[in-house]
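One structure below.
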Amino acid sequence: MSTKNVPFYQKNKWYSITINPNDKYQFHGTDDRIKRFRDFMYEQFLQLDAYKINYRFNMELSEPRSMPPGHSGPRLHVHGKIQFTSNYSINRFLTLFLYKVSRFASIDIDTIEHPEIWDDYCKKQQHLYKKVSPIFTNSH
């Protein structure tokens with residue numbers, strides 16, 4: 001059977017996803033930046049619950065090693081994985097969720113070749129967050 005006619009998104013398969021919000025949702029220069037970012041992203045992920053999409057995201061702060069004058073500094077973003085429980089969830093993801101999130105963020109989605117490596121990559125900064133959990137999830 002040829003795979004060129006197989007849809008990319010399939011039920012019960014985990015996909016890697018990275019969401020990198022634009023500057024408006026980085027909350028640069030605020031004392032409660034991490035909490036504000038987390039609260040904002042949490043609101044976005046409630047849609048995934050409604051569409052019956054399993055997810056696990058980890059918050060991360062980029063680690064620039066060189067910054068020109070005027071650079072806004074490290075960027076908050078999330079790495080994680082999603083899983084569709086039905087064709088309905090794929091439909092909602094494609095018609096609603098991606099549209100809404102693309103209004104404020106870049107999104108990168110792919111298949112996961114090595115789940116344990118991707119999971120370790122997603123968790124690499126958990127030690128940086130003491131007062132706010134870096135994890136968003138509705139699955140275990």
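Only a predicted model underlies this, so the values are computations on that prediction, with no experimental measurement involved. All heavy atoms count here, side chains included; hydrogens, waters and symmetry mates do not.
Residues satisfying the ring pair (Phe, Tyr, Trp, His ring centres under 6.0 Å) criterion with F27, sequence neighbours excluded, are absent altogether. Among residues two or more places apart in sequence or in another chain, the ring pair (Phe, Tyr, Trp, His ring centres under 6.0 Å) test is passed with Y9 by Y15, F84, F93.
With respect to the salt-bridge test (charged N to carboxylate O, under 4.0 angstrom), the residues K124 and E60 qualify. One finds a salt bridge joining K35 and D39 here, because a Lys/Arg side-chain nitrogen approaches an Asp/Glu carboxylate oxygen to under 4.0 Å.
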Run the side-chain donor-acceptor check on residues 42-50: report pairs under 3.5 Å with partners two or more places apart or on a different chain.
{"residue": "Q44", "atom": "NE2", "partner": "F40", "partner atom": "O", "Å": "3.2"}
{"residue": "Q47", "atom": "NE2", "partner": "Q44", "partner atom": "O", "Å": "3.2"}
{"residue": "D49", "atom": "OD1", "partner": "N138", "partner atom": "ND2", "Å": "2.7"}

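Counting only heavy atoms from C-beta outward, the side chains of I82 and N54 never approach each other to under 4.5 Å. At least one side-chain heavy atom of P21 sits under 4.5 Å from a side-chain heavy atom of Q26. With contacts defined as side-chain heavy-atom distances shorter than 4.5 Å, the pair P134/L128 does not qualify. In this structure, K52 and Y88 have side chains that are not in contact, with every pair of non-hydrogen atoms separated by 4.5 Å or more. Looking at T111 and F8, their side chains come closer than 4.5 Å, going by heavy atoms from C-beta outward. Side-chain contact between V78 and T18 is absent, with no heavy-atom pair separated by less than 4.5 Å.
Distance CG/D110 to NZ/K81: 15.0 Å, rounded to 0.5 Å. S86 OG to N12 CG: the interatomic distance, rounded to the nearest 0.5 Å, is 9.0 Å. Residue I107 holds its CD1 atom at 6.0 Å from CD1 of I19, rounded to the nearest 0.5 Å. In this structure, CH2 in W14 is found 4.5 Å from CD in Q83, a value given to the nearest 0.5 Å. Annotation: the span from N87 atom CG to K11 atom NZ amounts to 5.0 Å, rounded to 0.5 Å. S16 contributes atom OG, which lies 5.5 Å from atom CD1 of I112 (distance to the nearest 0.5 angstrom).
The two residues Q10 and V6 come nearest to each other via the heavy atoms NE2-CG1, 3.2 Å. Across all their heavy atoms, D23 and R75 have their closest contact at OD1-NH1, 2.6 Å.
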Dump the intermediate steps for side chain to side chain contact (heavy atoms under 4.5 Å, CB included) on H114 and W118, then the final yes or no.
CA-CA 6 Å; H114 302 287; W118 178 247; over 6 Å; no

Applying side chain to side chain contact (heavy atoms under 4.5 Å, CB included) to M41 and L76, what does each step give before you reach the verdict?
CA-CA 10 Å; M41 294 306 294; L76 287 162; over 6 Å; no

Is there a side chain to side chain contact (heavy atoms under 4.5 Å, CB included) between I53 and T85 once you walk through the steps?
CA-CA 6 Å; I53 297 170; T85 61; over 6 Å; no

Side chain to side chain contact (heavy atoms under 4.5 Å, CB included) for H77 and D108? Distances and angles first, verdict last.
CA-CA 12 Å; H77 54 285; D108 184 56; over 6 Å; no

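Counting non-hydrogen atoms of other residues, nucleotides and ligands closer than 6.0 Å to CG of D31 gives a total of 12 or fewer. The environment of Y99 atom OH is sparse: at most 12 non-hydrogen atoms of other residues, nucleotides or ligands sit within 6.0 angstrom. No more than 12 heavy atoms of other residues, nucleotides or ligands shown are found within 6.0 angstrom of CD on E113.
The ring of F57 has its center no closer than 6.0 angstrom to the ring center of H79.
For the pair R56 and F136, the NZ or CZ position fails the cation-pi test of under 6.0 Å to the six-membered ring centre and within 45 degrees of the ring normal. Geometric assessment of K100 against the ring of F97 yields a negative cation-pi assignment under the 6.0 Å and 45° thresholds.
At distances below 3.5 Å, at least one donor-acceptor pair connects side-chain atoms of R38 with backbone N or O atoms of I135. When atom types are taken as modelled, the side chain of S62 and the backbone of P64 share no donor-acceptor pair closer than 3.5 angstrom.
Looking only at atom types and distance, the side chain of N58 has a donor-acceptor partner in the side chain of Q126 under 3.5 Å away.
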